[in-house]
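Everything below concerns the one structure shown next.
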Amino acid sequence: MSQTWYELLMTDHETTEKVFEAVERALAAPGGPSPTLLQDAMEYFKGYVDGCHNKKEENHLFPLVEQRGIPRGGGPLGVMLMEHEQSRDTLPRLLEVANRYLAGDREALDALRIAFGEYSSLLKNHFWKENDILYPMARRVMTAADAEAVVKGIEATEEAVGPYTRQKYYALAERILTAGGVEDLSFGVERDVLAAILNTLPVELSFVDKDDRVRYFSHENGDKIFPRTRGAIGMAVQNCHPEKSLHLVNRILEDFRAGRRKVAEFWIEMGARKVHIRYFPVRSPKGEYLGTLEVVQDIGPIQALQGQRRLLAEEN
Ligand SMILES: [Fe+2]
């Protein structure tokens, strides 16, 4: 399925924020950033953020939003445009200091840190406002045809820069992230906190690895819908299922391994409980099969919900 304008622009923001993190890490290193990483990052900011992403919004999203009744002056649209201008003023300073550093002037490192800090904090703040305020507002006022038109505009803007613009710059971003050692956000959380998070999820998890061995389950200490104990760890998943359904378990696992299936879903009644059981293939960012995750949840209380209960209802 093709992506919506909203997904396309949000992915630009997400990718750019990861690039910011890579540069931040590289600038914090005592020896300063590697010339390749710095050069790549400057090319990404100049060629993609300024040269392509902002133009998608300025030439296609913002004018449509304005046509649908959001005024340019005084409101979020005016603020977004002003911030694009500010980033356009800040970027040349950053590029200039980066070029000095790349030319061998190591004294420029402090100035580089300051210039990058200004540019990235301006844009982080700006992306947050777009994600949280402007895009939701745009989605409310735009018609389906408007949304289509913005996607077409985004594609035209990318083509005007050159062939495969997005793919090329995303590949460049990938190189910057690898060089900068940017990892999944969970790497920034201590293991005991991560374990506590998993045990706090309102679903029970079990994981079997790529060799079909049980490697993990959550909520070890506490009530579980399907009781299991530590002895299960290391067992082949085939030994945890009754003989008569084994061929079905194996078929699901084979489909996951081969990438033929994204979920297997069942729901059963257990006393008063309506238990929803789902299996998902777990893949690395590169797409390799790591194992299968079982997610179990009593959805009875969720099915019983009616109407709505908003945050403000907390006051009563
Ligand atoms: Fe944006």
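Indexing begins at 1, ligand by ligand and atom by atom, following the structure's order.
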Note: Arg228-Glu220 ion pair, threshold 4.0 Å (strictly below):
no
Should we say atom CD of Glu243 is surrounded by more than 12 heavy atoms from elsewhere, each under 6.0 Å from it?
no
What do you get for the angle at the Fe ion (ligand 1) between NE2 on His13 and OE1 on Glu57, to the nearest 10 degrees?
160°
Is the backbone N or O of Pro163 less than 3.5 Å from a side-chain atom of Lys168, with the two atoms forming a donor-acceptor pair by type?
yes
Answer yes or no as to whether an N/O/S atom of His53 is found below 2.8 Å from the Fe ion (ligand 1).
yes
Got a donor-acceptor contact below 3.5 angstrom from the Glu7 side chain to the Thr4 backbone?
yes
Any idea which N/O/S atom from Glu130 gets closest to the Fe ion (ligand 1)?
OE1
